Amino acid sequence: MDSAEFHAAVYHVVRQIPPQKVTSYGHVAKLIGMPRHSRHVGQALKWLSPDAAPPVPWQRVVASNGTISSRGPGTDGAQRQRDALAAEGVDVAVSRGGELRVDFGVWGWFPEPGTVDTGVRREPAEGDDELEGEVDEA
DNA sequence: TTATTGACTGGCG
DNA sequence: ACGCCAGCCAATA
């Protein structure tokens, strides 16, 4: 899988996160079959253009402990993520230290790998004709 | 070529 | 709860 496919897989999976649900970078990495690429999931979302169509609900991906990474003092990314989540009804708690976090027990979405469509089926082969309907069975 | 850098994770104290 | 560290691996410098 090259970089473009990795991006595509990340976007495809992230787009399947239901509204009012959140998951972690690490879990997205697992879902696309690359469990050690959690950081690159973040990169893929970082590089995502805001006017992508269809939109990618990047706000539904947070760190494995449920917190939203600050991305540095001078940035507002975490704030925008909180706003985006709040806008769709997700309760984002704010700790005393100003740390943003969501309760995975309530909002978590962690399906088993293989139960979601990664958008990457198999290597295209000669005469590999396929009905477009059978992308998933679960 | 090697070194550093992450929208990270998991373990240990 | 919090901090520190090792592992991780593509992109950058």
Side-chain angles (χ1 to χ4, degrees):
Chain A
M1 166 180 291
D2 63 17
S3 177
E5 288 176 321
F6 180 81
H7 282 113
V10 169
Y11 299 158
H12 196 89
V13 168
V14 171
R15 279 196 263 250
Q16 290 176 73
I17 304 174
Q20 300 184 352
K21 288 293 177 184
V22 293
T23 191
S24 71
Y25 298 101
H27 197 76
V28 171
K30 288 178 187 173
L31 293 179
I32 66 178
M34 303 183 77
R36 307 297 169 180
H37 287 60
S38 52
R39 303 175 109 131
H40 305 286
V41 173
Q43 286 290 13
L45 297 182
K46 175 186 177 182
W47 299 336
L48 177 63
S49 68
D51 55 332
V56 176
W58 56 271
Q59 69 274 18
R60 295 177 195 150
V61 185
V62 300
S64 65
N65 59 1
T67 64
I68 298 174
S69 305
S70 71
R71 276 96 112 180
T75 61
D76 64 338
Q79 200 60 233
R80 291 191 298 106
Q81 185 166 5
R82 193 267 298 269
D83 291 345
L85 286 172
E88 63 179 75
V90 174
D91 182 24
V92 180
V94 183
S95 72
R96 290 195 313 187
E99 190 176 61
L100 307 174
R101 76 183 336 162
V102 297
D103 185 349
F104 279 155
V106 177
W107 312 106
W109 182 78
F110 297 94
E112 288 301 308
T115 64
V116 299
D117 178 15
T118 65
V120 180
R121 265 69 86 187
R122 49 169 149 22
E123 294 305 315
E126 314 295 320
D128 180 16
D129 299 316
E130 165 138 17
L131 280 304
E132 60 285 348
E134 52 177 297
V135 294
D136 198 327
E137 68 291 326

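Computed from a predicted model, the values in this text were never measured in an experiment. Letters A, B, ... are given to chains in the order of the sequence lines, protein chains preceding strands, and every chain is numbered from 1.
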Between the base of [N] and the side chain of [X], is there a donor and acceptor pair under 3.5 angstrom?
X: A:Arg39; N: C:dC9; value: no
X: A:Arg36; N: C:dC8; value: no
X: A:His40; N: C:dC9; value: yes

Length of the line joining [X]:[atom1] and [N]:[atom2], which is rounded to integer Å:
X: A:Asn65; N: B:dT9; atom1: CG; atom2: C1'; result: 9 Å
X: A:Leu45; N: C:dA10; atom1: CG; atom2: P; result: 17 Å
X: A:Gln43; N: B:dC8; atom1: CD; atom2: C1'; result: 11 Å
X: A:His7; N: C:dA11; atom1: NE2; atom2: P; result: 8 Å
X: A:Arg101; N: B:dC8; atom1: CZ; atom2: P; result: 15 Å
X: A:Lys46; N: B:dC8; atom1: NZ; atom2: P; result: 10 Å
X: A:Asp76; N: B:dA7; atom1: CG; atom2: P; result: 14 Å
X: A:Phe6; N: B:dC8; atom1: CZ; atom2: P; result: 13 Å

Classify the ring geometry between A:Phe6 and A:His40 as parallel (under 30°), tilted (30 to 60°) or perpendicular (over 60°). perpendicular
Name the orientation class of the two ring planes belonging to A:Phe104 and A:Phe110 (parallel below 30°, tilted from 30 to 60°, perpendicular beyond 60°). perpendicular
The nucleotide from C:dC9, B:dT9, B:dA7 with an atom nearest the side chain of A:Ser69 is B:dA7
Of the candidate nucleotides B:dT9, B:dA7, C:dA10, which contains the atom at the shortest distance from the side chain of A:Ala63? B:dT9
Should C:dC9 form a Watson-Crick or G-U wobble pair with both distances under 3.5 Å, which nucleotide is its partner? B:dG6
Quick one: is A:Ser64 getting a side-chain N or O under 4.0 Å of the B:dC8 phosphate, OP1 or OP2? no
Think A:Ser3 has a side-chain N or O under 4.0 angstrom from the OP1 or OP2 of C:dA10? no
Treating A:Arg82 as the side-chain partner and A:Val92 as the backbone partner, does any N or O pair qualify as donor plus acceptor under 3.5 Å? no
Give a yes or no on whether the backbone of A:Trp109 and the side-chain of A:Thr23 come within a donor-acceptor separation of less than 3.5 Å. yes
If we check side-chain contact (heavy atoms from CB on, under 4.5 Å) with A:Val41, which of these qualifies: A:Val14, A:Val13, A:Val28? A:Val28
Toward the 5' end of DNA chain C, which comes first, A:Ser38 or A:Trp47, by nearest nucleotide? A:Ser38
Name the nucleic acid region contacted by A:Ser70, choosing base, sugar-phosphate or nothing; use a 4.0 angstrom heavy-atom cut-off, strictly under. nothing
Select base, sugar-phosphate, or nothing to describe what A:Gly26 touches, counting heavy atoms under 4.0 Å on all strands. sugar-phosphate
